[in-house]
Amino acid sequence: MAQISPDVDLLPSEIDSFIIDVRESRPRGLARVLSMVENGHPSSSMILHSLYNPDRQVKTIGVTGPPGAGKSTLVNLLIDYWRKLNRKVGVIAVDPSSPFSGGALLGDRVRMQTHASDPGVFIRSMGSRGHLGGLSGATRDALEVLTSASYDPVLVETVGVGQAEVEVASIADITLLVLVPGLGDEVQTMKAGIMEIADVIVLNKADRPGIEQLETAVNASLEFVDDRTVRPRVIRCSAQTGEGIDNLTSAVDSLLSSEVVGQDNAKRRTTLILNGIIREKGSDLAKKIISEKYGSINGAIDSVLSGETTPYMIGEMFTGFLEGIQEKDNGSKQD
Ligand SMILES: Nc1nc2c(ncn2[C@@H]2O[C@H](COP(=O)(O)OP(=O)(O)OP(=O)(O)O)[C@@H](O)[C@H]2O)c(=O)[nH]1
Ligand SMILES: [Mg+2]
């Protein structure tokens, strides 16, 4: 396969062939498109634009929690569950510690090894080498690629319980926050906002002492979450013994098929991607261009939902505009 140059636009025929690779979920092409997205390759927007379908019904799940909480072990069990139902499952393991993808997540790879030879499972670790939107931007676009390749569902595992990590996880349609015994004090200091973003709080390692205290601490901190209509479900389980895993899979399934997630999914995704791109391109100018062309951000979202454009095409419009300004500046400097 030809080498991809990091800064040079691909030929239209090359873009078309990558789009076919993704749609047919061919692993090599898929991996190369994901690298382009991660590296912020100039042609990745055109690929994402061609793949974008606001009505796609594929669901995505974010999984976050402190290091070693059992996230990968749980993801593994969830993969087993969906593979038995004959569904193709995608996993993105986000690695905040490294700007480079590939090597750093050997642990995850080993734990998910049982699925390594299964063509119905695609596992990819990723950093944020060149993406303007950092990890959350790279993850958001990688989810678009994997859902276009008809992996359903797609999971995102990310380490940590800070606002940033939970934000990365909550790019997905539903978010699982995995906690473990021994975190009692941490839970107490955890911001209510983090608890609120989670749809399910998984109390893993229920086979370990301290699970009762953890449950008490979590429930106590949820008492203060009073301004939300739906409280996160709290599920106790052990990825090691299998206890409570049925409850977890049925909670996740029912959330995925619930109206809350189904309703306005197209609008939610479009808004999330467009707002991310606006931030990446420079908010003020981007908003000005949007209001000139579409009246307002809502107007732009409506245009995407009616199939006239995509958030990525709107992003390209900003890029073109900015390049135009730079050319003008250079021109006036030369005068
Ligand atoms: N006792 C017990 N151990 C568990 C359970 N779930 C996972 N583990 C173990 O905890 C360790 C960490 O599990 P991982 O699944 O790698 O945890 P993780 O959250 O993905 O870890 P990082 O990705 O490194 O943050 C492994 O040794 C698992 O076997 C559980 O329910 N009970
Ligand atoms: Mg892990």
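Note that the coordinates shown come from a computational prediction; the quantities given were computed from them, not determined experimentally. For ligands, and for the atoms within them, numbers begin at 1 and follow the listed sequence. In this chain, residues are counted from 1 in sequence order.
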key: Pair Gln240-Thr73, side-chain donor/acceptor within less than 3.5 Å   = no

message = Side chains of His131 and Asp141: any donor to acceptor distance under 3.5 Å?
response = yes

query = Is the closest heavy atom of Gly65 to ligand 1 under 4.0 Å?
reply = no

inquiry  = Please enumerate all residues that pass ring-ring contact (aromatic ring centres under 6.0 Å, His included) together with Tyr312, with sequence neighbours excluded.
reply    = none

ask   = Going by the atom numbers of ligand 1, which of them fall below 4.0 Å from some non-hydrogen atom of Val159?
value = 25 (O)

Pair listing, salt bridge (charged side-chain N to carboxylate O under 4.0 Å, His left out) test, anchored in residues 286-298, at least two apart = Lys288-Glu292

remark   = To the Mg ion (ligand 2), the closest N, O or S atom belonging to Glu157 is OE2

task = Inspect the contact between Arg32 and Asp21 and indicate whether a charged nitrogen and a carboxylate oxygen are less than 4.0 angstrom apart.
result = no

ask   = Atoms of ligand 1 less than 4.0 Å from Thr73 heavy atoms?
value = 7 (C), 13 (O), 14 (P), 15 (O), 28 (C)

ask   = For the Mg ion (ligand 2), does an N/O/S atom of Thr73 lie at less than 2.8 Å?
value = no

ask   = Which part of Asp207 is near ligand 1, with near meaning a heavy atom under 4.0 Å away: side chain, backbone, both or neither?
value = side chain

ask   = Which ligand 1 atoms, with their elements, are less than 4.0 angstrom from a heavy-atom of Asn204?
value = 5 (C), 6 (N), 31 (O)

